[in-house]
Visitor: 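My structure is below; once you've seen it, I'll send some questions.
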Amino acid sequence: MSEGKDLKELAKTLSDSYSAVLQYSTQSEESIRHHVEQLAKYSDHLPLSWFTPQLIQALLSLKDRNEHVYNLWTVWVRRLSGAPEALKSAEPQLSRVLGAMQQALVEMETPLNIRKEAWIGLISLTGAAAEQFSDTQIIQAMTRVLEQYTKHPELAQAMGETMDAGIAHCLAQTTLLNVFEADHCERLLAAYVKLIPHRPYGGAPAAMAAMQHVVDIRVKQKPQTKADADMETLVALVEAEHEKEPLDVQLARLSILAGVVRMLEFSQDKSKKIRSMQSQLETTFVKRFDSAVTQSFKHPQSLAVNQDIIAYIAGQCLPNLSSDVINDMDHKSVLRILMSSLLTSEHIFMNGNVVRNLKVTQECVDDLKRTTEGAVYKDIGRISRAIAAVVITGLNLDSDGSMAKIVQASWDRLVGFSYNIFVDWDRFTTSNSQSSLNADSKKIMSDLDAAVWVVFKTMIFSFTAILKAVAADIPDGKGLVNVQYAAQDIVSIYANFHFITDHLGSGSGFKAYQDTLTNAVAYLMHEDNACQLNNLLSKAYREYAPSQFTADRTHPISLLSSVQLSRLTFFTNLIEQVMGQIEDKVLEKDVLPVIYPVLKWKKPENKELYESAHSAVLAVFSAQKEVSRELTGVYAPLLVESFPEPMTLQQLRFAYTTMIQSLCMMDDALSWLAANYLLDKIHALSVKEKDVVLLSQYTTALIDLLKPLSLGPFFGQLLSQVESLVLQRSMTAGMRNATLKIIFETVSGSGISDMRRVEAVGWFLELKRKVKALDESKQQEAQRVSTA
């Protein structure tokens with residue numbers, strides 16, 4: 001009921017406003033303005049029947065032709081474009097309205113909102129075959145407006161989006177796009193091209209989008225012969241050569257051409273003729289794109305703007321072009337300019353300033369959001385894939401190694417950039433800890449954190465798309481072979497960015513990242529490349545080494561921030577995988593001195609690093625490194641003392657068994673020495689109630705050692721030690737039975753040497769008999785005590 005009542009009241013209000021406008025001569029200016037505004041507010045919902053000749057005449061007679069008047073005229077003209085019968089009877093008022101719109105567009109004092117309404121109204125009848133105001137007149141009027149706005153950049157900026165939509169609609173609908181009348185469209189396009197450079201960052205994306213709309217409409221026309229003819233005319237317009245134009249105009253024409261190319265790439269069910277045009281146009285596009293890149297380097301004063309336009313165009317078109325089409329491109333120059341745009345553009349990563357200049361202010365939050373919402377920034381993924389396409393094609397055609405050198409230089413640049421991001425983010429987080437912020441700053445920090453992680457996520461995905469080109473996309477690993485230091489650069493970049501993948505959680509889970517890193521590590525593990533691997537690890541760990549030339553003996557590990565620890569975690573995860581290829585000298589002098597303090601942590605500052613450090617040491621034993629002999633005397637007691645905190649029983653059992661198993665393959669005496677550290681700990685524990693549980697847990701870890709030691713000469717001694725522990729009179733019956741169960745599972749399961757299995761089972765049965773005898777003896781003693 002309420003909704004119906006509201007609609008009736010609204011209908012009455014609009015009807016009253018309609019009547020009042022018709023009687024404008026008896027109304028005050030303020031009253032007329034109110035009623036026109038009321039009609040304009042709901043103009044999109046007014047049917048064509050409301051726009052009577054009387055209403056249009058009344059609006060034409062008003063002295064105050066404000067934005068509401070133009071809004072009503074625009075809606076009327078748009079309604080007429082879809083009503084041919086009404087269009088025929090709209091004269092002479094239609095010509096007067098369109099004339100007023102044209103006049104408003106060229107008068108300098110016209111307000112912006114009126115200009116926009118006038119432009120929309122002027123182009124609405126394009127393609128509607130209106131006798132009163134033909135397509136020729138409309139396009140000529142549009143051309144005059146564009147030519148005038150070229151002299152007034154502020155108007156070009158303000159009217160940009162509205163004019164783009166008008167150009168797109170006009171070229172998509174006009175009947176003049178044919179070989180006989182195309183000169184009108186050509187002049188319109190020429191005027192539009194000269195207007196685009198006045199919007200240096202928004203012009204190219206908008207022009208491409210406009211042309212994509214034109215192609216999308218034209219290519220779907222029926223019959224097919226009309227679509228073919230119209231597309232042939234359009235292609236001829238955008239493909240035409242123009243001599244001695246400024247570079248900014250050349251880039252504007254390239255944007256127009258790129259828009260047509262991109263939409264043709266994605267159009268479905270194209271005719272044979274259109275496919276032929278597409279092939280021809282792609283060749284022309286690559287040629288002009290290449291020329292624009294070359295010309296841009298000759299204009300360093302405008303390179304910052306031009307490289308972004310080129311990068312956007314490249315991202316839109318290059319990834320979808322076949323390698324045959326881009327074979328003739330100057331891959332080295334294109335790679336240089338695309339990489340420069342990605343890293344230095346004020347609309348992407350700003351040469352690292354996107355992180356370096358971070359401050360806990362609302363202004364900084366707004367700047368970050370503005371950056372991430374920009375057209376060029378949103379196209380980072382495509383730009384990265386364009387860079388990858390250029391790298392792959394260039395390396396496949398690289399006969400003299402020159403392309404490989406350019407790629408290597410680009411990779412070095414990525415390494416330096418990633419390290420700067422790592423350092424700058426570490427500095428920012430250290431300087432702006434939560435404890436140092438007040439309530440307002442914490443709210444801003446929360447918003448800033450959300451915005452900056454959008455940037456970081458984009459960054460890691462962008463770099464991966466580029467690095468993958470060399471590491472995975474070129475078959476048979478030739479990319480890594482040809483670009484000599486690419487593999488270690490990839491590892492360095494991902495180490496610097498580990499704080500990102502660590503934060504994202506799933507960052508290291510996406511396939512492209514895994515493929516890229518896995519291939520790079522596999523390349524470094526090859527015996528011919530082990531030198532690179534050792535050099536990389538040596539330099540990385542020396543950054544965390546204790547100082548040798550100062551009196552302060554504080555280990556750097558204790559001073560590292562969470563961001564710095566994440567990088568060390570990456571390298572520690574890495575050495576576990578490549579331990580077999582690490583030289584003993586690097587391991588002893590660079591790696592282990594950094595890891596030792598982490599192993600001793602009682603309260604791990606970074607759980608992943610702590611577990612990774614232990615895994616790395618176990619890898620040393622598994623690889624049977626020479627240093628294992630010296631390491632045993634340090635690591636075995638350290639393991640024993642790491643339980644129950646911070647290690648769990650499961651971790652202790654796994655680590656100790658793994659170490660003993662590796663030592664058994666090197667030196668039986670060494671393995672028995674390591675086992676004795678655990679025995680000493682067990683013997684040192686008292687049988688008091690507080691130590692009983694701990695004693696049982698350590699005994700469980702000792703029983704696990706039966707498996708690896710069953711291959712050596714000390715198996716019998718270990719059996720004797722375990723037996724003496726089980727037969728201790730202080731052990732309760734429940735603990736003893738639980739221990740027997742663990743022993744049975746160990747000696748009867750896999751892992752015990754086949755040669756010692758019979759001995760082990762026989763020993764267990766004898767132990768079980770002795771336990772039974774001990775229990776009976778205890779029962780008899782208990783009875784004697786109770787009797788006495």
Visitor: Quick one: does Met211's side chain get under 4.5 Å of Leu171's, heavy atoms only?
Guide: yes

Visitor: Below 4.5 Å, heavy atoms only, C-beta onward: do Val376 and Ile348 meet side chain to side chain?
Guide: yes

Visitor: Can you tell me how far apart CD1 (Ile387) and CG (Leu338) are? Round to the nearest 0.5 Å.
Guide: 5.5 Å

Visitor: Just how far is it from atom CD1 of Ile313 to atom CG of Leu257, taken to the nearest 0.5 Å?
Guide: 9.0 Å

Visitor: Report yes if the side chains of Ser333 and Ile337 come closer than 4.5 Å at any heavy-atom pair, otherwise no.
Guide: no

Visitor: Donor-acceptor check, side chain of His299 to backbone of Gln295, threshold 3.5 angstrom: yes or no?
Guide: yes

Visitor: Ion pair present between Asp379 and Arg382, side-chain N to carboxylate O less than 4.0 angstrom?
Guide: yes

Visitor: Let me confirm one number: the OH-CD distance from Tyr149 to Glu154, rounded to the nearest 0.5 Å.
Guide: 10.0 Å

Visitor: Given Ser345 and Tyr377, is the side chain to side chain donor-acceptor pair (under 3.5 Å) satisfied, shown in steps?
Guide: CA-CA 9 Å; Ser345 170; Tyr377 187 91; over 6 Å; no

Visitor: Rounded to the nearest 0.5 Å, what's the gap from CD on Glu37 to CD on Glu67? Could you check?
Guide: 7.5 Å

Visitor: Can you check whether Leu105's main-chain N or O pairs, donor with acceptor, with Arg115's side chain at less than 3.5 Å?
Guide: yes

Visitor: Look at the side chain of Ser81 and the backbone N and O of Arg78, then say whether any donor-acceptor pair between them is shorter than 3.5 Å.
Guide: yes

Visitor: Within a 6.0 Å radius of atom CD on Glu30, are there more than 12 heavy atoms belonging to other residues, nucleotides or ligands?
Guide: no

Visitor: Can you name the one residue among Gln278, Glu232, Gln224 that meets side chain to side chain donor-acceptor pair (under 3.5 Å) with Lys273?
Guide: Glu232

Visitor: Give the intermediate values and the outcome of side chain to side chain contact (heavy atoms under 4.5 Å, CB included) for residues Leu59 and Trp76.
Guide: CA-CA 12 Å; Leu59 294 174; Trp76 175 53; over 6 Å; no

Visitor: Going by heavy atoms in the side chains, are Thr74 and Leu122 under 4.5 Å from each other?
Guide: no

Visitor: When you measure from the side chain of Asp135 to the backbone N and O of Thr126, does any donor-acceptor pair fall under 3.5 Å?
Guide: no

Visitor: Restricting to non-hydrogen atoms, name the atom on Ser17 and the atom on His35 that form the minimum distance, rounded to 0.1 Å.
Guide: OG-ND1, 3.1 Å

Visitor: Under 4.0 Å between a side-chain nitrogen and a carboxylate oxygen: does that hold for Arg218 and Asp230?
Guide: yes

Visitor: Are Leu80 and Phe51 packed together at the side-chain level, in the sense that at least one heavy-atom pair is separated by less than 4.5 angstrom?
Guide: no

Visitor: Listing request: all ring pair (Phe, Tyr, Trp, His ring centres under 6.0 Å) pairs with a residue in residues 235-292, at least two apart in sequence or in separate chains.
Guide: Phe285-Phe289

Visitor: Mind running side chain to side chain contact (heavy atoms under 4.5 Å, CB included) on Arg33 and Asn66 for me, showing each step along the way?
Guide: CA-CA 8 Å; Arg33 183 178 180 86; Asn66 55 49; 2.9 Å; yes

Visitor: Looking at every non-hydrogen atom in both residues, tell me the closest pair between Ser296 and Ile310 and how far apart they are.
Guide: OG-CD1, 3.2 Å

Visitor: Between Ser255 and Ala204, which heavy-atom pair has the shortest distance, and what is it?
Guide: OG-CB, 3.3 Å

Visitor: State whether the side chain of Asp290 and the backbone N or O of Asp330 hold a donor-acceptor pair below 3.5 Å, judged by distance alone.
Guide: yes

Visitor: Can a salt bridge be assigned to the pair Lys270 and Asp228 using a cut-off of 4.0 Å between side-chain N and carboxylate O?
Guide: no

Visitor: Can you give me the closest heavy-atom contact between Ala158 and Leu112, atom names plus distance?
Guide: CB-CD1, 3.7 Å

Visitor: Can you sort out the partners of Asp367 under salt bridge (Lys or Arg N to Asp or Glu O under 4.0 Å), two or more places apart, ordered by chain and number?
Guide: Arg370

Visitor: I'd like to know if the side chain of Gln280 reaches the main chain of Met277, judged simply by a donor and an acceptor atom lying under 3.5 Å from each other, with no hydrogens or angles considered.
Guide: no

Visitor: Given side chains that start at C-beta, do those of Leu321 and Glu265 come closer than 4.5 Å, heavy atoms only?
Guide: yes

Visitor: Is Glu161 atom CD crowded by more than 12 heavy atoms from other residues, nucleotides or ligands, each under 6.0 Å away?
Guide: no

Visitor: With rounding to the nearest 0.5 angstrom, report the CG to CZ distance, Asn306 to Phe297.
Guide: 11.0 Å

Visitor: List the atom pairs, donor and acceptor, that lie under 3.5 Å between side-chain atoms in residues 43-50 and the rest of the protein, sequence neighbours left out.
Guide:
unit_1	atom_1	unit_2	atom_2	d
Ser43	OG	Ala40	O	3.0
Ser43	OG	Asn71	OD1	2.7

Visitor: Do the side chain of Thr372 and the main chain of Leu368 share a donor and acceptor less than 3.5 angstrom apart?
Guide: yes

Visitor: For Glu245, is there an ion pair with Arg253 - N to carboxylate O distance below 4.0 angstrom?
Guide: yes

Visitor: Ignoring hydrogens and angles, state whether a donor on the side chain of Asp164 or Tyr192 is under 3.5 Å from an acceptor on the partner side chain.
Guide: yes

Visitor: Going by an N to O cut-off under 4.0 Å, is there a salt bridge joining Glu147 and Lys194?
Guide: no

Visitor: Does any part of the side chain of Thr174, heavy atoms only, come nearer than 4.5 Å to the side chain of Ile139, both counted from C-beta?
Guide: yes

Visitor: Check Ile380, Asp308, Thr371 against His347 for a side-chain contact (heavy atoms from CB on, under 4.5 Å) and give me the one that passes.
Guide: Asp308

Visitor: Is the side chain of Gln93 donor-acceptor paired with the backbone N or O of Pro53 at a distance under 3.5 Å, no angle test?
Guide: yes

Visitor: Can you confirm whether Asp64 sits close enough to Glu29 that some side-chain heavy atom of one is under 4.5 Å from a side-chain heavy atom of the other?
Guide: no

Visitor: Can you check whether Gly121's main-chain N or O pairs, donor with acceptor, with Trp73's side chain at less than 3.5 Å?
Guide: no

Visitor: If you compare all heavy atoms of Val454 against all heavy atoms of Thr458, which two are closest, and at what distance to 0.1 Å?
Guide: O-OG1, 2.8 Å

Visitor: Would you say Glu117 and Asn113 are linked by a side-chain donor-acceptor pair, where the criterion is simply a distance under 3.5 Å?
Guide: no

Visitor: In sequence, state the C-alpha distance, the side-chain angles, and the governing distance for Leu62 and Val36, and then conclude on side chain to side chain contact (heavy atoms under 4.5 Å, CB included).
Guide: CA-CA 10 Å; Leu62 295 178; Val36 171; 4.1 Å; yes

Visitor: Between Gln157 and Arg199, is a side chain to side chain donor-acceptor pair (under 3.5 Å) present by the stated rule, with each step listed?
Guide: CA-CA 6 Å; Gln157 284 278 10; Arg199 299 153 62 202; 5.1 Å; no

Visitor: Between Gln212 and Met208, is a side chain to side chain contact (heavy atoms under 4.5 Å, CB included) present by the stated rule, with each step listed?
Guide: CA-CA 6 Å; Gln212 288 179 62; Met208 286 189 65; 4.1 Å; yes

Visitor: Give a yes or no on whether Asp183 atom CG has more than 12 heavy-atom contacts from other residues, nucleotides or ligands under 6.0 Å away.
Guide: yes

Visitor: State whether the side chain of Gln148 and the backbone N or O of Val106 hold a donor-acceptor pair below 3.5 Å, judged by distance alone.
Guide: yes

Visitor: Between Thr150 and Ala191, which heavy-atom pair has the shortest distance, and what is it?
Guide: OG1-O, 4.2 Å

Visitor: State whether the number of non-hydrogen atoms from other residues, nucleotides or ligands found under 6.0 Å of Glu109 atom CD is greater than 12.
Guide: yes

Visitor: Nearest 0.5 angstrom please: His169 NE2 to Met142 CE, how far?
Guide: 9.0 Å

